[in-house]
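Take a look at the structure set out below.
Naming convention: chains lettered A, B, ... in sequence-line order (proteins, then strands); numbering from 1 in each chain. No hydrogens, no waters, no symmetry mates; every other heavy atom, side chains included, goes into these values.
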There are 2 protein chains.
Amino acid sequence: MAGRSNGITVTSRVLAILGAFDAHHRHLSLSEISERADLPIATAHRLLAELTAGGMLERDADGTYEIGRRLWDLGLLASVEQDLREVALPFLQDVHASTGETVHFAVLDDDAALYIERVAGRASARVLSKPGARLPLHATGVGKVLLAFSGRSLRERALQSPQRLTAHTMTEPGRLRRELAEVRRRGFARTSEELTLGAFSVAVPVMTGEDSDLVGAIGIVTGTARKDLDRYVPVLHVAAKGIGRSLPPRASTERK
Amino acid sequence: MAGRSNGITVTSRVLAILGAFDAHHRHLSLSEISERADLPIATAHRLLAELTAGGMLERDADGTYEIGRRLWDLGLLASVEQDLREVALPFLQDVHASTGETVHFAVLDDDAALYIERVAGRASARVLSKPGARLPLHATGVGKVLLAFSGRSLRERALQSPQRLTAHTMTEPGRLRRELAEVRRRGFARTSEELTLGAFSVAVPVMTGEDSDLVGAIGIVTGTARKDLDRYVPVLHVAAKGIGRSLPPRASTERK
DNA sequence: GCCATGATTTCCGTTCAGTGGAAAGTTGTG
DNA sequence: CACAACTTTCCACTGAACGGAAATCATGGC
């Protein structure tokens with residue numbers, strides 16, 4: 001915050017303004033934005049006017065600003081993940097149809113599991129994670145899978161500071177290392193209330209069809225669970241294979 | 001030179017660059033962007049570097065640019081529609097579960113039907129419209145509903161130039177006007193191959209719970225159809241009611 | 001290997017768009 | 001009606017953005 005030695009480009013200011021918006025701040029007033037983006041009010045005001053004119057932001061009835069449709073359109077185009085969403089969704093729905101449970105699809109994003117699609121349970125089901133959410137790798141089913149089947153360097157990094165989230169979270173590096181080896185061996189991961197009390201999950205990796213590169217992971221989360229969640233593993237494996245086979249030729253997950 | 005009298009702000013240039021990306025141009029090289037955005041190469045290059053640094057764009061292995069994760073995140077936050085998506089999705093899934101058909105949810109966007117959510121059929125089902133797509137109002141089920149239940153001014157505007165899309169598209173203003181009156185009367189709309197040959201649909205309006213403002217429309221599209229699609233209408237009505245009731249207090253669709 | 005072709009990156013002097021303090025306008029509250 | 005909080009407009013100064021041009025990098029034809 002307070003003064004980096006970075007460049008003060010208009011672009012960076014625009015970035016700062018857009019960065020003021022997040023899941024908990026979707027409607028912001030001029031002064032809030034000016035505050036959060038650390039910009040003089042007059043400057044923020046002008047940039048906001050320009051962004052609004054361009055459709056990046058929209059003005060609500062009460063004068064607050066919100067993310068505009070233009071950004072939504074652009075977001076839909078976003079990179080690889082959009083292809084994945086397209087491809088994976090029907091398979092996730094198949095899994096949901098045959099199990100009735102909430103199904104998630106996540107990919108690796110730096111050192112978090114990025115949830116890119118979800119097929120939720122019935123209208124009443126409580127939502128644990130929604131698309132776009134980033135959750136820790138060591139405390140989620142999909143996260144453990146992503147860790148287990150990706151490179152050693154990431155894995156070791158993630159084992160450094162495993163944050164405790166519930167009383168059941170695995171936080172000792174040794175314990176986690178063994179857990180991941182086990183996941184690799186048996187081909188799927190489990191969690192029991194490691195992220196949220198009352199939530200259990202299983203997850204399997206999604207690999208490309210041809211060469212077997214890790215693409216992401218799909219998992220089932222439920223609240224009423226015990227270890228017979230394992231019975232879902234075959235269904236998940238079928239879906240994962242299906243997704244892998246349907247992937248465009250060489251759209252592997254290239255990360256710098 | 002090339003003087004428009006408009007503002008040549010950095011923001012507008014950024015807009016131009018982002019505008020160079022669309023569904024058919026998701027990976028662009030520097031020179032393509034410079035071309036499409038009508039900016040000098042050096043300028044485009046600098047702005048691209050800034051946008052990339054800010055995470056708005058990402059650089060692919062082959063040097064081309066693509067929409068970055070930052071934009072995707074922002075897009076997910078987008079305005080009213082995001083609330084609608086959240087609220088509607090479970091109901092759409094209920095409809096899908098009980099019918100097995102592809103379910104769509106669309107809202108009015110200027111003079112097009114903007115599809116904001118879809119629950120597709122099985123993996124093999126061919127996709128007619130994906131989230132973010134804009135389709136004509138007069139040739140889709142949801143579109144007819146949106147037209148029928150919204151203001152006269154929009155309706156008359158849409159009746160001006162109804163584009164012919166298939167041999168079955170209704171293009172005579174008089175015919176359409178009668179069709180819309182009929183839709184209003186019976187409470188749902190049908191289409192038969194008016195947008196795409198081999199595609200049939202029914203759709204119903206989604207109104208807010210309290211006062212009855214039009215929010216959007218949900219519909220079912222199928223390829224193997226005849227008019228017994230009507231049997232789905234009750235299910236759709238139930239879902240529409242459910243969505244209406246679940247809407248946040250006063251999040252009606254405010255458009256300028 | 002060597003030069004032609006085309007794209008990308010860097011450079012840098014000029015200038016004009018961006019800046020932001022301050023003042024004016026608006027809305028709401030007691 | 002005075003006061004406070006927020007938004008919008010104004011405008012003189014200045015340094016960031018601009019873009020032509022040159023350097024560098026990538027291909028590929030012979």
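- For D:dT7, the OP1/OP2 oxygens have a side-chain nitrogen or oxygen of A:Ser29 closer than 4.0 Å.
- Within the 4.0 Å cut-off from OP1 or OP2 of C:dT9, at least one side-chain nitrogen or oxygen of B:His45 is found.
- Spacing between atom CG of B:Leu28 and atom C1' of C:dA7 amounts to 15 Å, rounded to whole angstrom units.
- What separates CZ of B:Arg13 from P of D:dA16 is a distance of 17 Å, to the nearest Å.
- Between B:Thr9 and C:dA17, a side-chain N or O to OP1/OP2 separation shorter than 4.0 Å is absent.
- Summarising the geometry, the separation between CG on B:Leu48 and P on C:dT8 is reported as 10 Å, rounded to the nearest angstrom.
- We find that CD of B:Glu35 is positioned 12 Å from P of C:dT8, with the value rounded to whole Å.
- A salt bridge links A:Glu156 to A:Arg177: at least one charged side-chain nitrogen sits closer than 4.0 Å to a carboxylate oxygen.
- Here D:dA16 presents its P atom at 12 Å from CD of B:Glu50, a figure rounded to the nearest Å.
- Comparing B:Ala42 and A:Leu30 by the nucleotide of DNA chain D that holds the closest heavy atom to each, the one mapping nearer the 5' end is A:Leu30.
- If you find the closest nucleotide of DNA chain D to A:Thr11 and to A:Gly63, the one lying nearer the 5' end belongs to A:Gly63.
- Here D:dT7 presents its P atom at 10 Å from CG of A:Asp62, a figure rounded to the nearest Å.
- Between B:Gln163 atom CD and B:Leu195 atom CG the span is 10.0 Å, to the nearest 0.5 Å.
- Cation-pi check for A:Arg26 over A:Phe21 is not met; the charged atom does not lie both under 6.0 angstrom from the ring centroid and within 45 degrees of its normal.
- Here B:Arg46 lies in heavy-atom contact (under 4.0 Å) with a base.
- Comparing D:dG19, C:dT9, D:dT8 by their closest approach to the side chain of B:Arg59 singles out C:dT9.
- Across all strands, A:Ile41 comes closer than 4.0 Å to base atoms (heavy-atom distances).
- We find that CD1 of A:Ile33 is positioned 14 Å from P of D:dC6, with the value rounded to whole Å.
- Looking at heavy atoms from C-beta onward, B:Tyr115 lies in side-chain contact with B:Val142 at the 4.5 angstrom threshold.
- A:Ser31 comes within 4.0 angstrom of the backbone, heavy atoms only, and of no base.
- The side-chain heavy atoms of A:Met207 and A:Val215, taken from C-beta on, include no pair separated by under 4.5 Å.
- The CG-C1' distance, from B:Asp38 to D:dG19, rounds to 14 Å in whole Å.
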